[in-house]
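Notes follow once the structure below has been shown.
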Amino acid sequence: MKLNLNFLSVVLLLFIAFFITYITKSAAQSVQNTRVDMEIPDIDGFITLKCDLHLHTSFSDGVVWPSYRVEEAWMDGLDAISITDHIEYTPHSEYVKIDHNAPYELGIKTALIHNIILIKGTEITKRHPGHFNALFIKDASKIANDDYKIAIEEANRQGAFVILNHPREAVTDNRDWWTEELNALFENGQLHGIEIFNWNDYYPGAFDLALDKNFTILSNTDMHKGSEYYKSHLRLKHRPMTLVFAKERSVQGIKEALDDGRTAGYFKNSVYGKEELVKELFLNSIRIKKAHYSDTGSGNAFVEISNISDIQYTLIPLNQNKKSDPIQLEARESSIISVPMKKAEESITIEYEVENILISSSEKLKINLVFRRD
């Protein structure tokens, strides 16, 4: 009897172990096959691509494999990424062979399977004058050089789009951080874009300089650990991203859009960019129906307004429309609002300030919305 109990105990333990393994494996597979779709509308003439163009793997100082970087980008609802491992800094080289082109080669098949656009890139990491991402390169190994000028020249020779990463000194509009060396790269046409957001840091001075010098604006994560750690650690619902307004969904489409400066930064539920681009993005995010009821007693008309995007918007009426209420447009939701509209009026135009769309570090988007009667 004792032997039977022992036998049954062993069988029970094996069953429990098998069950736990099965559930864990099934859960992992379920997570890997689940994508969080993010609705950010296209703008007139262009499609909006959600991109993270600054990422690291175990081939430099990251902790994940290139193929996993691609998988988590798909799970996070992105369209395109670039793995930009450091050329100069490879702390895992005792265990991972140094090969500056390997991250792209190991990620491209997974990218094709998951319909993620993978852009070949690398990071040129110098104490002075700074860190740079080189995107759309052909051979990262040829870019490796102790002299930053030679490295950036080679990147440009390969047709790269070169970005200044995380200019942490640019937390104000003080231009002292914009050094002669950086300006020389810009004047020589070798520096093309700048991060205005990186990890959890916003650089207002970089934003204003980008608008002033017509730099392309970028917002990236610079992730080294996994995406879930990043979002939970910083308590973010979504990762920061660069919104790229491209003519087509392809590597070349993204390259052409970056060259033309058609981007915006999106982080912490706020959008930062050139006025003409972010204005179209907002207008394509909302739908306003005609007023369905008018209250003659109060002089208000009632209107349904919808937000079809995953960006929450807050609209504040400007002083000349004190009778209007602020509007909170939640993601993918509709609201009924009241607007002051006299009985004889067929329509009314109200100017609002969109609290979470910035067109410079000190200026928010102003927009005129027209409300009409049924």
Under 3.5 Å: donor-acceptor pair, side chain of Asp147, backbone of Ala151: no

For the rings on Phe215 and Trp178, is their centre-to-centre separation under 6.0 Å? yes

Mind telling me whether Tyr229 and His233 have parallel, tilted or perpendicular rings, with 30° and 60° as the class edges? parallel

cation_pi(Lys279, Phe282) dist<6.0 Å, angle<=45: no

Could I get the full list of salt bridge (charged side-chain N to carboxylate O under 4.0 Å, His left out) partners for Lys366, not counting sequence neighbours? Glu353

Pick from Lys50, Lys231, Arg69: which one makes a salt bridge (charged side-chain N to carboxylate O under 4.0 Å, His left out) with Asp76? Lys231

Okay, side chain of Asn198, backbone of Thr221: is any donor-acceptor separation there less than 3.5 Å? no

Test of understanding: with salt bridge (charged side-chain N to carboxylate O under 4.0 Å, His left out), list the residues that count as partners of Lys289, not counting sequence neighbours. Glu304

Residues in side chain to side chain donor-acceptor pair (under 3.5 Å) with Tyr266, at least two apart? His238

Using residues 331-342 as the side-chain source, report each donor-acceptor pair under 3.5 Å to any protein atom, sequence neighbours left out, with the distance given to one decimal.
residue	atom	partner	partner atom	Å
Arg332	NE	Asp310	OD1	3.1
Arg332	NE	Asp310	OD2	3.2
Arg332	NH2	Asp37	O	3.4
Arg332	NH2	Asp310	OD2	2.8
Ser334	OG	Ser306	OG	2.5

Glu123 side chain to Asp85 backbone, donor-acceptor under 3.5 Å: no

Please collect all salt bridge (Lys or Arg N to Asp or Glu O under 4.0 Å) contacts where either partner lies in residues 181-195, sequence neighbours excluded, each pair once. none

Going by side chain to side chain donor-acceptor pair (under 3.5 Å), name the residues that satisfy it together with Glu355, two or more places apart in sequence or in a different chain. Lys364

Flag yes if more than 12 heavy atoms outside Lys109 fall under 6.0 Å of its NZ atom; otherwise flag no. no

Report the residues that fulfil salt bridge (charged side-chain N to carboxylate O under 4.0 Å, His left out) with Arg157, sequence neighbours left out, ordered by chain and then residue number. Glu154

Taking the side chain from Asn101 and the backbone from Ala140, do they hold a donor-acceptor pair closer than 3.5 Å? yes

Residues passing the salt bridge (charged side-chain N to carboxylate O under 4.0 Å, His left out) test with Asp99, sequence neighbours excluded, are none

If the test is side-chain contact (heavy atoms from CB on, under 4.5 Å), which one of Asn356, Leu234, Leu236 qualifies with Lys268? Leu236

Ser294: side chain to side chain donor-acceptor pair (under 3.5 Å) partners, not counting sequence neighbours: Arg373

Is the number of heavy atoms from other residues, nucleotides or ligands within 6.0 Å of NZ (Lys255) greater than 12? yes

With sequence neighbours excluded, tell me which residues meet ring-ring contact (aromatic ring centres under 6.0 Å, His included) with Phe267. Phe197, Tyr202, Tyr272

Ignoring hydrogens and angles, tell me if any N or O in the side chain of Asp208 forms a donor-acceptor pair with the backbone of Ser361 under 3.5 Å. yes

Under 4.5 Å between side-chain heavy atoms, counting indirect links through other Ile/Leu/Val/Met/Phe/Trp/Tyr residues: same cluster for Ile116 and Leu112 or not? yes

Could you check whether any side-chain N or O of Thr90 sits under 3.5 Å from a backbone N or O of Ser93, counting only pairs where one atom can act as donor and the other as acceptor? no

Under 6.0 Å from the NZ atom of Lys274, do we count more than 12 heavy atoms belonging to anything else shown? yes

Plane angle bin for His292 and Phe302 - parallel if under 30°, tilted between 30 and 60°, otherwise perpendicular: tilted

In the hydrophobic clustering that connects Ile, Leu, Val, Met, Phe, Trp and Tyr at side-chain heavy-atom distances below 4.5 Å, which members other than Leu49 occupy its cluster, ordered by chain and number? Ile47, Leu53, Ile117, Ile119, Leu135, Phe136, Phe161, Ile163, Leu218, Val244, Val251, Ile254, Leu258

Quick one: list whatever passes side chain to side chain donor-acceptor pair (under 3.5 Å) with Thr314, sequence neighbours left out. Gln328

Parallel, tilted or perpendicular: which fits the ring planes of Trp65 and Phe59, with parallel below 30° and perpendicular above 60°? tilted

Check whether Asn188 reaches the backbone of Gln190 with its side chain - one donor and one acceptor, N or O, closer than 3.5 Å. no

Near Asn368 CG, under 6.0 Å, is it more than 12 heavy atoms from other residues, nucleotides or ligands? yes

Asn200 and Arg235: side chain donor to acceptor below 3.5 Å: no

Taking Ile43 as the fixed residue, which of Leu283, Asn284, Val278, Leu243 is the one that meets the side-chain contact (heavy atoms from CB on, under 4.5 Å) rule? Asn284

